[in-house]
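Sequential numbering from 1 along the given sequence is applied to the chain's residues. Fair warning: this is a prediction, and the values are worked out from it, not measured in the lab.
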Amino acid sequence: MLSLSNIYKSYGIFGNHMCTERRKMIDYTPFWETLKQSKENWYTLTKKHHVSDSTLHRLKHNQDISMKTVNDLCRILDCEIDGIARYVPSDKDQAL
């Protein structure tokens, strides 16, 4: 039976919030590996480079961040985009 709750679940929406577990098309694991190999850490990113704790939390939980943030992180960590994120195909990707 098709209910509003089932529709929300199929789109990964619960209440007014998107479910972060619905798909992981962009994976930020490379960011943490790049950060570990750099001279930077959570403290220097937030205090010296003014990256918000919220942004780091979003990266930790594979949630969306802006391309401006990706650009800033590439500049700070002196890396290419693949040092920040990678695309992971998912069978739950939206239709094009």
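- When all heavy atoms of R58 and D64 are compared, the pair lying nearest together is NE-O, 2.7 Å.
- Taking CG from L59 and CH2 from W42, the interatomic distance works out to 8.5 Å, rounded to the nearest 0.5 Å.
- T34 places a side-chain N or O within 3.5 Å of a backbone atom of P30 that can act as its donor or acceptor partner.
- Atom CG of N62 is separated from atom CE of M25 by 11.5 Å, given to the nearest 0.5 angstrom.
- Hydrophobic clustering (ILVMFWY, side-chain heavy atoms < 4.5 Å, transitive): I81 and Y87 are in one cluster.
- In this structure, CZ on F31 lies 5.5 Å from CG on L56, to the nearest 0.5 angstrom.
- Checked against L45 for a side chain to side chain contact (heavy atoms under 4.5 Å, CB included), the options D53, D72, T55, I76 give a single hit: I76.
- Counting heavy atoms of neighbouring residues, nucleotides and ligands inside a 6.0 Å radius, atom CG of N41 exceeds 12 of them.
- Here R86 does not pair with D82 in a salt bridge; the nearest charged N to carboxylate O distance is not below 4.0 Å.
- Expressed to the nearest 0.5 Å, how far NE2 of H49 lies from CG of L77 amounts to 8.0 Å.
- One finds the NZ atom of K60 at 7.0 Å from the CH2 atom of W32 (value rounded to the nearest 0.5 Å).
- Just one residue in the list K47, E40, K48 forms a side chain to side chain donor-acceptor pair (under 3.5 Å) with T44, and that residue is E40.
- Atoms CG and CD1, from L73 and I65 in turn, are 5.5 Å apart once rounded to the nearest 0.5 Å.
- In plain terms, the two heavy atoms of S38 and L35 that are nearest each other are OG-O, 2.8 Å.
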